[in-house]
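Structure record follows, encoded as structure tokens.
What you are looking at is a predicted structure, and each value in this text was computed from that prediction instead of being measured. Below, read A as the first sequence line, B as the second, and so on, with proteins coming before strands; counting in each chain starts at 1.
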Amino acid sequence: MVTGTVRENDDGDCGRRRHGMPGLAITLCGISLRNPLILASGISGTTVGALRLAVAGGAGAVTIKTITKEARKGHSPPIMAAFDAGLLNAVGYPNMGIDAAEGEFKDLTSVGAPVIGSATGKDAGEFAELVSRLDKLPFAAIELVLSCPHTPGFGTLAGHSTPEATREITAACRQVTRKPLFVKLSPNVPAIGEVAKAAQDAGADAITAVNTMGPGMLLESCSGQPQLSFGCGGVSGPALRPVALRCVYDLATAVTIPIIGTGGVSTGEHAINMLQVGASAVGVGTAVLDDINCFTRIAQEMDAWLTKQGRTLSDAQGMTLRELKGDGP
Amino acid sequence: MNPNGQANTGALSGHGSGAGWARPEHTLRMFTITRAVVENEQTTMLYLTPGLGSAPGQFVMAWLPGHSERPFSIASDTAAEAVADGETGLAQGKFSISVAGVGESSKAIASLQPGAQLGIKGPLGKGFSLQGRHVIAIGGGYGLGPMTRVVADALAAGLQATLIVGARSKEFIILRSTIDRLVRERARVIITTNDGSEGIKGMVTDALAQLIADGVAAGGQDGHDGQDVMVYGCGPELMLKAIFDLCEQNSMSCQLSIERYMKCGIGLCGSCCLDTDGWRACKEGPVFSTEQLRRISEFGKYHRDATGQKIPY
């Protein structure tokens, strides 16, 4: 379990380390981040307060919980099931809907870090309508989620994960905003590079990879009932990490736009690995289960790793790709 | 409970826990119901084994397969090594939840009989921590359970303890045998009912105000001042807000358990985040201190529904 989390009232040295790790600052699509760690969409992020909590916990940027056109209650609980290799979830996009979201997120100055808006819709027209409204809110970027594996009418269950649908939805949204546009992809596709290329061709500024995998299933043995009310759910956490790492690796050679490597990251070494296979920033989600302050710890671990290795963040980024190119697979 | 209100989760021994990455309290485990006591037309106490090793104020997510998962506060919890009330005889200890049969899934859970299995995640959240020399614990309705635990712990630690019980009328007072036991153990118990059918006619804050006026809370027979009093509360939010305001006016510290719509219970879904700082009722809470309550702008004003939209109190 986690140790070494810095507290607010720790001594001056820790204060410096918490807020002053200049070696970790990055610029992503013109957005300045104090560190590359981004709260992934779907984990908390429901309110301005929720975003503040993640920033207090060390996040370099935060993503809001995905907004849909209508308010949604989501799936009935149980919506999450932890197991020995990760977490299964089928939350079902509960959110206040775009009307209420315009009020909730109208002022983001108190958050203290860049905020990424997140939207999902049933088709390209609904995506574009949502993005045109999110565009008027003070978000630093907007993320399109094309990849939820457990909500009928959305994501992979609506066929949004194909290159064709990705191109259509991204192009429609590109027309209604000049803000950086991120596209969040599913790992559950035969060739993630093809999907990412479609997003890039249609005007995406970055790729977030990946959403949860599966869906998977867990049972309560005595009753034989699934542990989630929806029956199945997306797999995240440790089990997802090697899959996410491979996806980012594939994407690094498929597209030229930045990649936000997301999936199972819970230590500094995991985050560095994401950068090594070509990510520019790192999403963190399920690790929050352990501690909302995990961002601070992961950043410190990244800083310590770089110091020990005598490397900079940009040395580490793409290291795997350069090594493989040099030696020849 | 230990000084910071965190439970000793090392004592957990539930069935079906996942090894490895997931913490036991985040993982579904099946517990066996040993006893079901109908307290009144509204509330049933369910006793389950083994015990959880929880702190007062912590809660569980309870799930009957095929129904919705729901949060319940832990009304009692006897660890395997400390069987206090002698009524169990269970080597592994037991814990209890008070189930108000309001919704579909609560009704199904409330109707369970001994021998049945119930899925539990927990203990979850941050509980009450014992502070001060005089404990005043205030429980409204089914919020009484955790308060009886605070009083029992206070007595065991040699502190002065007062329990204020609030109910609509006398038939809605739960946990009679527990209250009687605390009286025998020298707790002062004050009962208030809205209709005056038992004890003081009025609100729990009337009883608290009277204690303050009597000087019990500030410079009582022990000669201690308000700094030595800690007020604990669990129950409806407007009751808690009235307690908080009274404490603020009299420079008394409190710890109150705030109830919010909880969906996952393990800190990930964001349903129970409180304005202004986004503290999660299920992780940083449900128990908050005076200093924290001052920063919770929505306290006593609004809560949020399952979609996250604000509902005024």
Side-chain angles (χ1 to χ4, degrees), chain A residues 1 42-56 64-65 70-87 89 91 94-97 99-101 103-104 110 218-227 229 237-239 266 285-286 288-292, chain B residues 9 15-30 32 61-71 103-105 116-119 121 261-280 283-284 295-298 304-310:
Chain A
M1 286 298 148
I43 300 297
S44 197
T46 44
T47 62
V48 168
L51 299 171
R52 285 163 52 87
L53 187 70
V55 173
I64 67 166
K65 190 160 180 74
E70 316 287 348
R72 291 175 55 89
K73 288 183 178 177
H75 297 317
S76 174
I79 56 169
M80 295 193 188
F83 66 108
D84 53 3
L87 184 79
N89 90 80
V91 180
N95 77 97
M96 58 182 73
D99 290 350
E104 179 67 36
S110 73
L218 288 169
L219 297 184
E220 191 286 296
S221 308
C222 296
S223 62
Q225 291 292 309
Q227 286 192 28
S229 73
S266 67
T286 303
V288 167
L289 178 61
D290 200 49
D291 184 4
I292 189 69
Chain B
T9 51
H15 306 295
S17 68
W21 176 76
R23 291 185 190 176
E25 69 268 28
H26 292 154
T27 309
L28 177 74
R29 295 173 299 151
M30 301 307 285
T32 306
M61 296 297 289
W63 175 63
L64 186 59
H67 300 268
S68 280
E69 187 180 45
R70 288 281 179 264
E104 180 273 331
S105 97
Q117 299 265 298
L118 186 62
K121 290 171 191 157
Y261 175 77
M262 283 180 192
K263 197 160 186 183
C264 77
I266 56 177
L268 291 177
C269 76
S271 297
C272 65
C273 287
L274 296 153
D275 292 337
T276 311
D277 293 310
W279 291 326
R280 297 157 295 178
K283 274 280 180 182
E284 286 75 31
R295 287 196 59 84
I296 299 175
S297 60
E298 69 176 69
R304 292 174 189 266
D305 67 12
T307 73
Q309 294 177 90
K310 295 174 186 176

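- With sequence neighbours left out, the ring-ring contact (aromatic ring centres under 6.0 Å, His included) criterion links B:His67 to no other residue.
- Among A:Lys65, A:Met96, A:His75, A:Gln225, the residue with the largest count of heavy-atom pairs under 4.5 Å with chain B is A:Met96.
- A salt bridge links B:Glu69 with B:Lys121: the closest approach of a Lys/Arg side-chain nitrogen to an acidic carboxylate oxygen falls below 4.0 angstrom.
- Using a 4.5 Å cut-off between heavy atoms, B:Asp277 contacts chain A through both its backbone and its side chain.
- Interface remark: of the candidates B:Arg70, B:Arg304, B:Met61, B:Arg304 forms the most heavy-atom pairs closer than 4.5 Å to chain A.
- Of the two parts of A:Leu218, neither the backbone nor the side chain holds a non-hydrogen atom closer than 4.5 Å to a non-hydrogen atom of chain B.
- Across B:Gln117 and B:Thr32, no two heavy atoms sit closer than the pair NE2-OG1, 2.7 Å.
- Among the candidates A:Gly74, A:Ala100, A:Pro94, A:Pro78, the residue making the largest number of heavy-atom pairs closer than 4.5 Å to chain B is A:Pro78.
- The two atoms that bring B:Ile266 and A:Leu289 nearest to each other are O-CD1, 3.5 Å, heavy atoms only.
- Of the atoms belonging to A:Ile292, heavy atoms from both backbone and side chain fall under 4.5 Å from chain B.
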Let me check something: any side-chain donor-acceptor pairs from residues 42-50 of chain A under 3.5 Å, sequence neighbours excluded? List them with distances.
residue, atom, partner, partner atom, Å
A:Thr46, OG1, B:Gly270, O, 2.7
A:Thr47, OG1, A:Gly49, N, 3.4
A:Thr47, OG1, A:Ala50, N, 3.0

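- Interface remark: A:Lys73 contributes backbone and side-chain atoms alike to the contact with chain B (heavy atom separation under 4.5 Å).
- Shown here for B:Gly267 and B:Lys283, the closest heavy-atom pair between the two residues is CA-CG, 3.6 Å.
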